[in-house]
Amino acid sequence: MRLARPLIVYGIAGFGLAALIGLCGAASVVHEPEIDAVARPSPESFDPALVLRGAQLASVGDCVVCHSSDSGRPYAGSKALPTPFGTLYSDNVTPDEKTGIGNWSFPAFQRAMTQGVARDGSHLYPALPYEHFTHVGDDDLKAIYAFLMMRQPVQQSPPENDLLPGLGFRPLLAGWKLLFLRETNFRPDATQSAEWARGKYLVDGLGHCGGCHTPRNLLGAEDHSADLQGGLAEGWIAPALDASNPSANRWDTASLFEYLKSGVAKGHSAAAGPMGPVAEGLSRVEDADVHAISVYINSRMHPQNTSHEATAAQAVAEDRAAFADPTLLHAGELFTGACGGCHEPGAPMEVAGRPPLSSVSDMLMDDPRNAIQAVLQGVTPPSRKGPYMPAFANTLTDQQIADLLAYVRVRFTDAPVWPDLAAKVSAIRKEDAQ
Ligand code: HEC
Ligand code: HEC
Ligand code: HEC
């Protein structure tokens with residue numbers, strides 16, 4: 001997994017080079033034409049079946065996740081999306097005519113989704129994942145448009161973006177798109193099943209799984225040569241979804257379906273961090289589409305003739321509670337007190353079928369980021385009845401968390417203790433506080 005690059009962050013623009021291109025005068029179209037405003041389409045003009053389909057598709061696309069602030073109404077925008085270049089605020093996509101997209105025609109909406117251009121002709125930041133939405137077919141976009149136009153209009157404008165000096169200049173984005181936006185129509189692979197093709201269409205397009213699971217280059221664009229090889233998302237690692245997936249327990253179509261649909265699959269850790277809302281969205285999507293996604297991801301994880309076992313050899317079956325490293329003894333006591341009630345082998349949670357720490361991806365990755373985040377932030381299940389772990393950010397020090405994670409790595413896995421743990425905990429804690 002390629003994560004060493006400092007600026008790979010989910011949903012950001014490559015402002016730097018765009019600026020350079022702007023300077024060179026190479027950016028061709030700095031402003032697109034405005035598309036005329038229309039009267040807000042009347043609700044009766046939309047077929048209820050189309051609206052229902054749009055609701056499902058909007059769930060695949062996580063529109064509500066980015067377009068709702070913590071305190072605000074759904075789809076009314078103003079959610080803060082932090083990037084290394086400053087903070088962006090999402091737009092209001094309810095059909096309010098003044099502050100939302102009420103007077104946008106379908107062609108204006110379609111252009112925003114597939115080319116990243118607002119109705120007034122200004123360029124949009126790729127935090128709106130148009131790198132992916134550009135692959136979405138017209139029929140699906142029409143359904144989403146109908147669904148959004150049927151929402152309750154909310155009058156609310158987002159706060160001004162708070163970007164580094166100069167980067168608020170939108171024409172620069174034309175250069176970025178010139179380099180990175182590939183507007184291609186989806187063409188199914190004739191050698192694969194229709195279900196596989198449907199899955200790939202949803203993963204590459206609306207589902208924008210690569211928005212988190214594909215590494216980004218220094219300019220914030222996805223590295224398509226490393227599709228789904230693992231990326232960084234809101235301070236968490238989105239693990240590789242190809243043959244290099246780190247999970248000790250083999251994923252298959254059934255467990256992927258279970259995980260994507262409910263956030264919890266037997267033998268795998270629950271969907272934590274930013275994967276939680278993704279699973280929550282998919283829980284509202286019809287089974288056939290989630291199954292298609294699972295079929296496609298499974299084919300990426302297990303291409304012919306690869307042995308998954310080879311990459312998952314690090315997990316150990318036996319419990320090493322009796323290991324004798326004196327520096328970790330006090331961590332052992334801390335573990336018994338703070339964590340053992342849930343994670344000691346034989347604890348009720350494991351008896352109830354949740355995976356032991358020896359087998360979850362977060363414990364086996366080369367990078368401790370997700371294990372640290374899980375301890376700092378806890379694990380909140382996407383559905384209310386799922387497994388729950390409290391946040392320890394306020395009760396444990398950086399050094400205590402470092403010692404605990406060193407201890408669990410030694411005790412439950414064959415993998416080496418992660419280096420510089422205390423410094424990493426401290427750095428991630430600072431990121432979380434931003
Ligand atoms: C990862 C976060 C994210 C997701 C997911 C997302 N958006 Fe957005 N969207 C944004 C941001 C941020 C902007 C504002 C971009 C800017 O200011 O340049 C935006 C802008 C838009 C705009 C332009 C509105 C305007 O007034 O210019 C539309 C339309 C839109 N999004 C629709 C959608 C739909 C429909 C979906 C789901 C299929 C969706 N978005 C999913 C983050 C997101
Ligand atoms: C907003 C970012 C984001 C998006 C979008 C996203 N994921 Fe994830 N995904 C993550 C993160 C972060 C994790 C790690 C969660 C954890 O550690 O519990 C994850 C974990 C997973 C896992 C478990 C991997 C393992 O070995 O434990 C699967 C499977 C998965 N995602 C599939 C998908 C699919 C399929 C899509 C698209 C439909 C998708 N994800 C979209 C961020 C994202
Ligand atoms: C109240 C029960 C509870 C306590 C106490 C608890 N955990 Fe957890 N922990 C969980 C649950 C639930 C999960 C998610 C398991 C699953 O995926 O089903 C989890 C997952 C984890 C993970 C893997 C992250 C992931 O994505 O699944 C790590 C690492 C972890 N815990 C470490 C700790 C440490 C260290 C402590 C002590 C400081 C601790 N836990 C205390 C319940 C608990």
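Counting starts at 1 for both ligands and their atoms, in listed order. In this chain, numbering begins with 1 at the start of the sequence shown. Keep in mind it's a predicted model, so treat the numbers as computed, not measured.
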Out of all atoms in ligand 2, which are within 4.0 Å of some heavy atom of [X]? Include the element for each.
X: Trp251; result: 23 (C), 24 (C), 25 (C), 26 (O), 27 (O)
X: Leu241; result: 28 (C), 29 (C), 30 (C), 32 (C), 33 (C)
X: Ile293; result: 35 (C)
X: Gly207; result: 37 (C)
X: Cys212; result: 1 (C), 2 (C), 3 (C), 4 (C), 5 (C), 42 (C), 43 (C)
X: Pro239; result: 13 (C), 14 (C), 19 (C), 20 (C), 24 (C)
X: Pro274; result: 1 (C), 12 (C)
X: Asn245; result: 24 (C), 25 (C), 26 (O)

*asked:* Side chain, backbone, both or neither: which applies to Leu260 and ligand 2 if a contact is any heavy-atom pair less than 4.0 Å apart?
replied: side chain
*Does Val65 approach ligand 2 within less than 4.0 angstrom via side chain, backbone, both or neither, non-hydrogen atoms only?*
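Val65 to ligand 2: no contact under 4.0 Å from either part.
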*Residue Leu148 vicinity, atoms of ligand 1 by number, heavy atom under 4.0 Å*: 35 (C)
*Within a distance under 4.0 Å of any heavy atom of Ile144, pick out the atoms of ligand 1 and give their elements.*
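Reading through ligand 1 atom by atom, the close ones are 35 (C).
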Enumerated ligand 3 atoms positioned under 4.0 Å from heavy atoms of [X]:
X: Met363; answer: 29 (C)
X: Leu396; answer: 38 (C)
X: Met349; answer: 10 (C), 11 (C), 12 (C), 42 (C)
X: Ala270; answer: 16 (C), 17 (O), 18 (O)
X: Tyr388; answer: 1 (C), 2 (C), 12 (C), 42 (C)
X: Ala374; answer: 24 (C)

Give the single entry among [options] that approaches [atom] most closely by any heavy atom.
atom: atom 10 (C) of ligand 3; options: Gln373, Gln400, Met389; value: Met389
atom: atom 28 (C) of ligand 1; options: Val93, Leu206, Val117, Ile101; value: Val93
atom: atom 22 (C) of ligand 1; options: Leu128, Asp62, Leu81, Val64; value: Leu128
atom: atom 39 (C) of ligand 3; options: His268, Arg354, Arg409, His343; value: His343
atom: atom 15 (C) of ligand 2; options: Cys66, Gly211, Ser294, Ala272; value: Ala272
atom: atom 35 (C) of ligand 2; options: Ala265, Cys209, Ser247; value: Cys209

_His213 NE2 and Met275 SD subtending at atom 8 (Fe) of ligand 2 (10° steps)_ = 170°
*Per-residue contact class, Pro129 against ligand 1 - non-hydrogen pairs under 4.0 Å*: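 The answer is the side chain of Pro129.
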_I need the Gln56 CD to Glu286 CD distance, nearest 0.5 Å._
4.5 Å
*Look up atom CH2 in Trp251 and atom OH in Tyr259, then write down how far apart they are to the nearest 0.5 Å.*
5.5 Å
*Evaluation steps, salt bridge (Lys or Arg N to Asp or Glu O under 4.0 Å), between Arg369 and Glu431*: CA-CA 12 Å; Arg369 179 172 275 279; Glu431 279 174 28; 3.0 Å; yes
Say whether [X], considering both its backbone and side-chain N or O atoms, lies within less than 3.5 Å of an N or O atom on ligand 1.
X: Asn161; result: no
X: Asn92; result: no
X: Arg170; result: yes

*If you measure from each heavy atom of Val203 to ligand 2, is any distance below 4.0 Å?*
no
*Is ligand 2 less than 4.0 angstrom away from at least one heavy atom of Val60?*
no
*How does Ser361 reach ligand 3, if at all, at less than 4.0 Å between non-hydrogen atoms: by side chain, backbone, both, or neither?*
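Under 4.0 Å from ligand 3, Ser361 contributes no heavy atoms.
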*With backbone taken as N, CA, C and O and side chain as the heavy atoms from C-beta onward, which portion of Asn370 lies under 4.0 Å from ligand 3: side chain, backbone, both, or neither?*
neither
_Minimal non-hydrogen separation, Asn370 against Ile237, with atom names_ =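 Taking Asn370 first and Ile237 second, the nearest heavy atoms are OD1-N, 2.6 Å.
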*What pair of heavy atoms forms the shortest contact from Met275 to His213, and how long is it?*
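Reported closest heavy-atom pair: SD-NE2, 4.3 Å.
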*Please confirm if an N, O or S atom belonging to His67, backbone or side chain, lies less than 2.8 Å from atom 8 (Fe) of ligand 1.*
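Yes.
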*For atom 36 (C) of ligand 3, which protein heavy atom lies nearest, and how many Å away is it?*
Cys339 SG, 2.8 Å
*Has Asp362 got any heavy atom lying under 4.0 angstrom from an atom of ligand 3?*
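A heavy atom of Asp362 does come that close to ligand 3.
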*At a 4.0 Å cut-off, with the gap strictly under it, does some heavy atom of Pro355 reach an atom of ligand 3?*
yes
*Does the gap between the ring centers of His208 and Phe133 come in under 6.0 Å?*
yes
*Tell me whether the centres of the aromatic rings in Phe109 and Trp104 are closer together than 6.0 Å.*
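Centroid distance Phe109-Trp104: not below 6.0 Å, so no.
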_Applying the side-chain contact (heavy atoms from CB on, under 4.5 Å) criterion to Ile401, which one of Asp403, Thr397, Leu405 satisfies it?_
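The single option meeting the side-chain contact (heavy atoms from CB on, under 4.5 Å) with Ile401 is Leu405.
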